[in-house]
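FYI, the numbering just counts along the sequence from 1.
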Amino acid sequence: MTVGISFRAVPGYFGGYEKEGAGPVDSLEVDHLKIIRDLVLPRDTETRSYKLFVIGRHGQGYHNAAIERYGQEEWDAYWAKLDGDEYGDWVDSRLTPLGKKQVGETGALHLEPLTKKLGGLPDLFFSSPMRRCLETFAESWKPAFSRDKRETVEVRIIENLRETLGEHPCDRRVAHSETVAEYQNYKYNDLDTTISWLYPEDYPEEDQLWTADHRETDNEIDERIGNGLQELFKQVQPNQRFLSLTCHSGVIASVLRNLDHPAIKNLQTGKLVYTVVEIEKTA
């Protein structure tokens with residue numbers, strides 16, 4: 001018999017999901033990260049386990065800056081299908097200087113205090129493979145690594161937890177070897193910490209998901225992200241209760257839908273979502 005898993009968000013811990021049946025939350029109006037209950041997770045059972053899940057949106061990439069520059073309507077109609085403009089390259093976009101500043105501030109204002117409150121770093125780190133997410137992980141978690149020193153930090157890459165696929169080159173990843181050459185064994189200039197990105201053994205060299213002629217629908221991305229969450233949670237052991245995922249706005253929206261969590265509207269670049277997840281083994 002094959003054992004699968006199901007998952008759902010648990011209300012009552014954070015301002016983004018205060019109670020069952022809560023509606024969408026506008027992150028510009030409501031402190032969706034507000035802790036409204038002590039972060040003591042329910043006791044695990046034989047079939048159910050509980051995890052604190054910190055989900056980070058990458059900081060401003062060069063494509064995000066272009067959306068601000070041209071406006072959403074012009075971006076969708078024309079610019080989104082180009083590889084870049086005079087200000088930067090959008091293919092598998094890197095972070096702008098502002099984007100790096102954003103995520104550094106998020107790390108100092110939120111991630112470092114949270115890990116201090118909880119008494120340590122997440123048990124497992126996960127990330128989208130896109131370059132803007134690798135850079136976001138490194139910059140956003142640096143304040144926490146400065147206090148909770150680790151010689152090596154391992155980050156598990158999940159290909160399915162990428163931004164909405166298709167048509168927009170900003171969401172097409174570059175060759176795997178190119179990313180590895182640039183980012184593998186990432187070292188900080190002022191910390192004795194090295195980041196090791198862990199890819200599946202059969203990770204493809206070229207992008208096999210992105211296509212130029214079809215943009216994913218919400219139903220299609222929800223199916224893909226659901227598969228990505230299955231892959232993620234199957235790697236988690238019962239005693240690993242604090243998890244981190246660095247990804248994208250479209251991924252976060254889909255993750256929340258997959259978890260039956262209220263939508264978090266207007267989540268800006270570099271910002272976070274916190275949630276408690278119940279994972280149940282199913283026959």
Side-chain angles (χ1 to χ4, degrees), residues 7 55-67 70 72-85 88-95 99 126-137 155-180 182-183 197-200 202-235 245-259 261 263-265 267-270 273:
F7 30 76
I55 313 169
R57 182 185 178 190
H58 64 77
Q60 184 195 66
Y62 284 93
H63 63 305
N64 300 119
I67 295 171
Y70 300 117
Q72 190 69 53
E73 184 175 349
E74 287 295 318
W75 169 262
D76 291 337
Y78 176 72
W79 294 100
K81 296 184 180 181
L82 302 184
D83 287 356
D85 65 2
D89 184 2
W90 305 330
V91 177
D92 200 347
S93 179
R94 295 177 174 86
L95 295 184
F126 297 90
S127 179
S128 156
M130 307 303 281
R131 294 186 293 191
R132 54 194 181 268
C133 292
L134 307 187
E135 293 179 357
T136 292
F137 178 86
V155 184
R156 302 180 183 210
I157 299 298
I158 297 185
E159 182 82 338
N160 265 328
L161 296 180
R162 287 169 50 180
E163 187 56 291
T164 309
L165 294 167
E167 295 186 353
H168 298 184
C170 59
D171 301 322
R172 184 178 80 233
R173 75 167 171 84
V174 297
H176 177 49
S177 57
E178 182 178 337
T179 302
V180 167
E182 184 172 0
Y183 295 100
W197 313 102
L198 304 183
Y199 294 86
D202 58 350
Y203 195 78
E205 169 68 3
E206 301 297 336
D207 188 346
Q208 297 181 358
L209 299 182
W210 187 90
T211 59
D213 58 357
H214 174 70
R215 185 94 172 141
E216 278 184 314
T217 65
D218 283 350
N219 287 339
E220 288 169 338
I221 190 174
D222 284 353
E223 181 178 359
R224 175 170 61 84
I225 298 305
N227 291 336
L229 289 173
Q230 289 276 344
E231 182 181 347
L232 186 156
F233 289 128
K234 284 179 179 178
Q235 297 182 49
L245 170 63
T246 304
C247 56
H248 313 260
S249 60
V251 175
I252 294 172
S254 182
V255 165
L256 297 182
R257 291 194 294 268
N258 271 276
L259 294 176
H261 185 294
I264 304 295
K265 299 166 61 178
L267 186 71
Q268 303 298 292
T269 49
V273 172

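Taking all atoms of both residues into account, the shortest heavy-atom contact from I158 to F126 is CD1-CD2, 3.8 Å. Taking both residues in full, the closest heavy atoms of P129 and Y203 are given as CB-OH, 3.2 Å, listed atom of the first, atom of the second, then distance. Here the shortest heavy-atom pairing between T136 and G59 reads OG1-N, 3.1 Å. Residue W79 comes nearest to W90 through the heavy atom pair O-CZ3, 2.9 Å, listed as atom of the first residue, atom of the second, then distance. Shortest non-hydrogen contact noted between N64 and H58 is OD1-CE1, 3.2 Å. For the pair W210 and D171, the tightest heavy-atom approach, listed with the atom from each and the gap, is CD1-O, 3.6 Å.
For the residue pair D76/Q72, the side-chain donor-acceptor check at 3.5 Å is satisfied. No hydrogens or angles considered: a donor-acceptor pair under 3.5 Å links the side chains of Y183 and E135.
The number of heavy-atom neighbours closer than 6.0 Å to CD of E205, taken from other residues, nucleotides and ligands shown, is above 12. In E223, the CD atom is not crowded: 12 or fewer heavy atoms of neighbouring residues, nucleotides or ligands sit closer than 6.0 Å.
Between D218 and R257, the closest side-chain pair of non-hydrogen atoms falls below 4.5 Å. Side-chain atoms of Q230 and N258, non-hydrogen and from C-beta on, never get closer than 4.5 Å to each other. Taking 4.5 Å as the limit, some side-chain heavy atom of Y199 sits within range of a side-chain heavy atom of V180. Considering only heavy atoms from C-beta on, Y78 stays 4.5 Å or farther from Y70 through its side chain.
Ion pairing between a basic and an acidic side chain is recognised when a charged N comes within 4.0 Å of a carboxylate O; R162 and D92 show no such pairing. A salt bridge links R131 with E178; the closest basic N to acidic carboxylate O contact falls under 4.0 Å. Using a cutoff of 4.0 Å between basic side-chain nitrogens and carboxylate oxygens, E163 and R132 are not scored as salt-bridged.
Each of I221, V251, T217, I225 was evaluated against T164; a single residue qualifies, I221, per the side chain to side chain contact (heavy atoms under 4.5 Å, CB included) test. A side chain to side chain contact (heavy atoms under 4.5 Å, CB included) with L232 is found for one member of L161, V255, N160 and no other, namely L161.
Remark: side-chain polar atoms of D85 are paired, donor with acceptor, to backbone N or O of G88 under 3.5 angstrom. Using a distance-only test at 3.5 Å, with no hydrogens or angles considered, a donor-acceptor pair links the side chain of S93 to the main chain of Y62. For R57 (side chain) and I252 (main-chain N/O), no donor-acceptor pair under 3.5 Å exists by modelled atom type. Looking only at distances, no side-chain donor or acceptor of D89 sits under 3.5 Å from a matching main-chain atom of G84.
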